[in-house]
Protein chains: 2
Amino acid sequence: MTTVLIVDDQPLQRYGFHLLLDSVPETDVVGEAGHGAEAVRKTAELRPDVVLMDVRMPGMDGIEATRCIVAAGGRSHVLVLTTFDLDEYVHAALRAGASGFLLKDARPEELLAGIRAVAVGDAVIAPALTRRLLEEYARYVPSHRTDAAEDPRLTSLTDREREILVAVGKGWTNGEIAARFVLSESTVKTHVGRVLAKIGARDRIQAVIFAYDHGLARPTAD
Amino acid sequence: MTTVLIVDDQPLQRYGFHLLLDSVPETDVVGEAGHGAEAVRKTAELRPDVVLMDVRMPGMDGIEATRCIVAAGGRSHVLVLTTFDLDEYVHAALRAGASGFLLKDARPEELLAGIRAVAVGDAVIAPALTRRLLEEYARYVPSHRTDAAEDPRLTSLTDREREILVAVGKGWTNGEIAARFVLSESTVKTHVGRVLAKIGARDRIQAVIFAYDHGLARPTAD
DNA sequence: GTTCGCGTAGTACCGCGGTACTACGCACCC
DNA sequence: GGGTGCGTAGTACCGCGGTACTACGCGAAC
């Protein structure tokens with residue numbers, strides 16, 4: 001049995017979901033909320049398996065409520081529902097910690113499957129959105145552990161050289177690397193030179209690019 | 001009516017899928033294939049809406065076959081099926097251009113919903129995998145077009161300066177930039193200097209990192 | 001014990017990159 | 001007309017980065 005909390009500012013909408021979920025034996029609606037603050041409170045109180053969350057609500061919206069619920073660290077998973085498939089909503093919801101994102105025009109069985117999935121800790125995304133998400137994903141997470149690991153240029157590096165490459169990827173100068181690794185600048189130069197030769201880069205800039213493309217360097221606040 | 005090509009090296013498995021798809025009116029199995037090469041050939045010949053593709057097959061595997069099919073540029077969408085939810089498979093399949101990735105232990109209605117979705121150009125991912133995909137997604141695509149666009153350092157750049165920054169992000173030297181933009185190297189230096197000052201980078205290396213972190217530079221084969 | 005890979009370190013040299021200036025043409029706005 | 005922002009271009013200077021060497025200690029492999 002999966003316990004569900006329905007959050008939507010429109011009573012009629014809540015009623016519709018309530019009817020749908022009551023029509024199947026596996027879900028049990030344990031409460032409703034009409035705005036974000038109430039959703040956060042009732043989640044803490046009722047501890048439902050799944051929170052069915054509308055995005056657009058007066059006052060605290062669904063995204064913010066999701067963030068609060070996730071931050072509270074309970075066992076409830078949030079499944080966000082919306083009428084509009086705006087990318088910003090999707091991004092914001094997922095970043096807020098939502099376990100799923102479905103459109104309100106989803107077919108009933110899709111919604112039920114989604115509730116089932118997030119209840120056990122899985123995640124679901126509306127197919128129409130998944131496509132765009134994957135395109136971005138493919139653009140930004142290009143090569144990890146797939147072709148990158150096979151790249152002979154990477155595997156030919158020694159452990160030390162890989163450390164140096166990572167440091168170069170952070171934008172450190174030879175002097176900085178020497179200081180942080182407690183080495184002489186000459187040694188760093190030797191290492192860098194060997195790294196450049198092995199990965200086929202003509203200067204450290206290409207090495208930085210190489211590091212990013214192969215997942216050795218990551219966006220940091222460094 | 002959705003036309004489907006079933007690809008699996010095990011006849012019994014194909015039979016099972018065939019039975020399932022025949023049990024509903026909306027799908028029409030137009031063919032079967034026992035290995036990757038046959039899948040590629042029959043896809044070109046039968047032009048099905050959806051190719052149901054097994055990953056593990058002798059000879060050309062499902063990933064490679066998917067790559068060929070997608071590269072061929074037909075209207076067929078590939079839905080990859082596998083028994084094992086190995087991350088490498090998921091990554092490889094998505095990078096190969098698959099429109100979906102489901103586990104073979106999916107419930108029949110989930111599979112049908114998946115076929116329906118990819119047939120119209122959407123994408124689906126098994127809930128169990130979506131979760132991990134989202135975690136990576138959140139790690140690697142943290143800021144784009146949300147806070148990045150608001151970054152005053154980026155908006156303060158003129159159009160020309162942004163072009164220069166992109167070029168620097170590609171790893172080009174001042175001389176190369178000058179040649180490709182048909183400018184003198186002095187001018188390039190002036191631009192680069194202004195860019196560095198505006199984004200707060202001490203050298204072009206930090207500019208490259210800045211460009212990557214803000215989505216101006218992307219993995220290229222350049 | 002000798003060889004080999006690896007990490008360490010040094011010297012010498014040269015060129016690209018970055019800075020600090022100045023300067024001019026052009027479009028645009030008062 | 002004068003001011004302003006932008007793109008263009010130049011000179012001069014210095015330092016970091018990259019290359020080409022050589023060299024040594026150490027552990028593992030043979």
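In this text, all values refer to a predicted model and were calculated from it rather than measured experimentally. Lettering follows sequence order; numbering is per chain, from 1.
There is no side-chain donor-acceptor pair under 3.5 Å between A:Thr187 and A:Thr190.
Atom pair A:Leu183:CG and C:dG7:C1' shows a separation of 9 Å (rounding to whole Å applied). For the pair B:Glu163 CD and D:dC6 P, the computed distance is 14 Å after rounding to whole Å. In this structure, CH2 of A:Trp172 is placed 18 Å from C1' of D:dC16, rounded to the nearest angstrom. Rounded to whole Å, the distance from CG on A:Asp159 to P on C:dT8 is 12 Å. Atom-to-atom, CD of A:Glu176 to P of D:dG17 comes out at 9 Å; the value is rounded to the nearest Å. Counting to the nearest Å, the C1' atom of C:dA12 and the CD atom of A:Glu185 are 15 Å from each other. Across the protein-nucleic acid pair, A:Ile177 atom CD1 and C:dA9 atom C1' stand 16 Å apart, rounded to whole Å. Here the P atom of nucleotide D:dG10 and the NZ atom of B:Lys189 are 12 Å apart, to the nearest Å.
OP1 or OP2 of C:dT11 has not a single side-chain nitrogen or oxygen of A:Ser186 nearer than 4.0 Å. The phosphate of C:dG17 has OP1 or OP2 within less than 4.0 Å of a side-chain N or O from B:Asn174. One finds a side-chain N or O of A:Thr158 lying less than 4.0 angstrom from the OP1 or OP2 phosphate oxygen of C:dG7. Between A:Thr187 and C:dT8 there is no side-chain polar atom (N or O) within less than 4.0 angstrom of OP1 or OP2. Listed pair A:Arg204 / D:dG18 meets the phosphate criterion, a side-chain N or O lying under 4.0 Å from OP1 or OP2.
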Assess whether side chain to side chain donor-acceptor pair (under 3.5 Å) is satisfied between B:Asp49 and B:Thr3, documenting all intermediate values. CA-CA 5 Å; B:Asp49 297 312; B:Thr3 54; 3.0 Å; yes
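At distances below 3.5 Å, not a single donor-acceptor pair connects side-chain atoms of A:Arg67 with backbone N or O atoms of A:Ala96.
Under 3.5 Å, the side chain of B:Arg194 and the base of D:dT8 form at least one donor-acceptor pair of N or O atoms.
Between B:Asp122 and B:Arg116, none of the side-chain N atoms (NZ, or NE/NH1/NH2) sits under 4.0 Å from a carboxylate O, so this pair counts as no salt bridge.
With distances taken from any side-chain atom of B:Ser184 to the nucleotides D:dG10, C:dT8, D:dG7, the minimum falls on D:dG10. Taking the side chain of B:Thr173 as heavy atoms from C-beta on, and the options C:dG17, C:dG18, C:dT8, the nearest nucleotide is C:dG17.
Comparing B:Glu161 and A:Asp203 by the nucleotide of DNA chain D that holds the closest heavy atom to each, the one mapping nearer the 5' end is B:Glu161.
Nearest heavy atoms, A:Thr130 versus B:Ala123: CB-O, 3.2 Å.
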